[in-house]
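Take a look at the structure below.
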Amino acid sequence: MNLPLMILLFGLATVSGLDQIREESNPGKRAEKAIQYSDERLTEARELFRSSNEQEFHKKIEEVAQAAELALSSLEEKRDIGRTKKVEKKCRAILRRIETFKLDLPVEQRSSVEKLEERIHHVQDELVNIALRRKKK
């Protein structure tokens, strides 16, 4: 496979990646895929910041938050303690990566990453609440 074709396919996959995840019928699998997608977009956002592509950077930051929120809404749909705990652990790891990333940024450029951190922290708190919620009888 040649390089331009690979780049084109990668571009198509990222454009519709979150939409493809939304189509997953199993809420647990959807949540796991969404949190993985969130982690991958965070890696891309860090790379975009290094390359000074600010517009794409903010777009990736938004995708990180949207994917984590999709994971949360999927697990709210159907309570699955095992998957909830797995996604919550991954969410904590993402929060640690965001904190490190935020500290690497100049102070005047931290606001978008701080907003992302707040959104992901909210998702993580809600995942803990889901895990602790009593099952309906």
Side-chain angles (χ1 to χ4, degrees):
M1 189 177 266
N2 61 14
L3 186 59
L5 181 60
M6 287 175 53
I7 292 171
L8 176 67
L9 290 175
F10 180 75
L12 291 174
T14 58
V15 169
S16 63
L18 206 50
D19 291 332
Q20 287 177 339
I21 293 170
R22 282 186 182 105
E23 292 175 4
E24 172 63 51
S25 60
N26 183 322
K29 287 181 182 179
R30 186 179 333 123
E32 287 180 2
K33 288 178 181 181
I35 202 69
Q36 182 62 39
Y37 184 85
S38 181
D39 190 44
E40 292 166 0
R41 295 302 80 84
L42 181 59
T43 301
E44 290 176 11
R46 288 186 71 133
E47 307 248 339
L48 286 168
F49 182 79
R50 288 187 194 122
S51 68
S52 301
N53 189 341
E54 196 167 324
Q55 184 179 7
E56 286 295 315
F57 168 72
H58 290 293
K59 186 177 168 184
K60 291 296 176 191
I61 288 291
E62 182 60 28
E63 285 184 30
V64 171
Q66 287 178 355
E69 289 163 351
L70 175 61
L72 172 61
S73 66
S74 297
L75 289 169
E76 286 175 332
E77 211 175 290
K78 182 178 181 208
R79 188 170 179 264
D80 181 344
I81 297 298
R83 284 210 167 109
T84 301
K85 188 62 182 170
K86 185 176 179 181
V87 170
E88 189 269 331
K89 283 180 180 180
K90 187 69 172 175
C91 198
R92 270 189 283 147
I94 290 171
L95 276 169
R96 286 191 301 271
R97 289 184 61 209
I98 291 171
E99 180 66 26
T100 303
F101 181 38
K102 183 176 75 172
L103 294 174
D104 291 344
L105 296 173
V107 174
E108 59 275 357
Q109 295 178 333
R110 291 183 182 176
S111 65
S112 61
V113 176
E114 287 171 342
K115 289 175 187 173
L116 171 67
E117 184 179 32
E118 288 174 17
R119 288 173 74 180
I120 302 296
H121 189 68
H122 172 74
V123 168
Q124 194 258 341
D125 285 345
E126 289 301 313
L127 288 169
V128 170
N129 288 337
I130 290 170
L132 296 176
R133 194 177 307 146
R134 289 191 171 188
K135 194 170 187 173
K136 296 177 184 174
K137 293 181 183 181

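If you're wondering where the values come from, they're calculated on a predicted model, not measured in any experiment.
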Within the 4.5 Å heavy-atom criterion, are Glu56 and Glu47 side-chain neighbours or not? no
Considering non-hydrogen atoms only, spot the tightest contact between Tyr37 and Ala67 and give its length. CD2-CB, 3.6 Å
Quick one: side chain to side chain donor-acceptor pair (under 3.5 Å) partners of Arg46, sequence neighbours excluded? Asp104
Within a radius of less than 6.0 Å around CD of Glu54, do more than 12 heavy atoms belonging to other residues, nucleotides or ligands occur? no
Output for pair (Gln66 CD, Leu18 CG), nearest 0.5 Å, gives 6.0 Å
Val113 to Phe57 - nearest heavy-atom pair and separation: CG2-CZ, 3.9 Å
Residues at least two apart in sequence or cross-chain that pass side chain to side chain donor-acceptor pair (under 3.5 Å) with Ser38, listed by chain then number, are none
I'd like to check Glu44 versus Glu63 (side-chain heavy atoms, cut-off strictly below 4.5 Å). Are they in contact? no
Between Leu127 and Leu75 the two heavy atoms that sit nearest each other are CD2-CD1, 3.5 Å
Apply the side chain to side chain donor-acceptor pair (under 3.5 Å) test between Ser74 and each candidate in Arg30, Arg22, Glu32; give the one that qualifies. Arg30
Over all heavy atoms of both residues, which pair between Ser112 and Ile61 is shortest? Give the atoms and the distance, please. O-CG2, 4.1 Å
Are Arg97 and Thr43 close enough that some pair of their side-chain heavy atoms sits under 4.5 Å apart? yes
When you compare the side chain of Arg83 with that of Asn26, does any pair of heavy atoms fall below 4.5 Å? yes
Give the C-alpha distance, both sets of side-chain angles, the deciding distance and a yes or no for side chain to side chain contact (heavy atoms under 4.5 Å, CB included) between Lys89 and Lys85. CA-CA 6 Å; Lys89 283 180 180 180; Lys85 188 62 182 170; 4.1 Å; yes
Presence of salt bridge, Glu62 and Arg119, under 4.0 angstrom: yes
So, using side chain to side chain contact (heavy atoms under 4.5 Å, CB included) as the criterion, who are the partners of Gln124 when residues are at least two apart? Glu88, Cys91, Arg92, Leu95, His121, Val128
The side chain to side chain contact (heavy atoms under 4.5 Å, CB included) partners of Ser52 (sequence neighbours excluded) come to none
In Å and rounded to the nearest 0.5 Å, what is the CG to CD1 distance from Leu70 to Ile21? 7.0 Å
What residues form a side chain to side chain contact (heavy atoms under 4.5 Å, CB included) with Glu99, not counting sequence neighbours? Lys102, Leu103, Glu117
If I compare all heavy atoms of Ala71 with all of Ala34, which pair ends up nearest, and what's the gap? N-CB, 3.8 Å
Here the gap from Leu48 atom CG to Asn53 atom CG, rounded to the nearest 0.5 Å, amounts to 5.5 Å
Where do Lys33 and Glu40 land on the salt bridge (Lys or Arg N to Asp or Glu O under 4.0 Å) test, with the steps shown first? CA-CA 11 Å; Lys33 288 178 181 181; Glu40 292 166 0; over 6 Å; no
Looking only at heavy atoms, what is the nearest atom pair of Val64 and Leu116, with distance? CG1-CD1, 3.8 Å
Distance (rounded to the nearest 0.5 Å) between Ile120 CD1 and Asp125 CG: 11.5 Å
With Lys78, which residues qualify under side chain to side chain contact (heavy atoms under 4.5 Å, CB included), at least two apart? Pro27
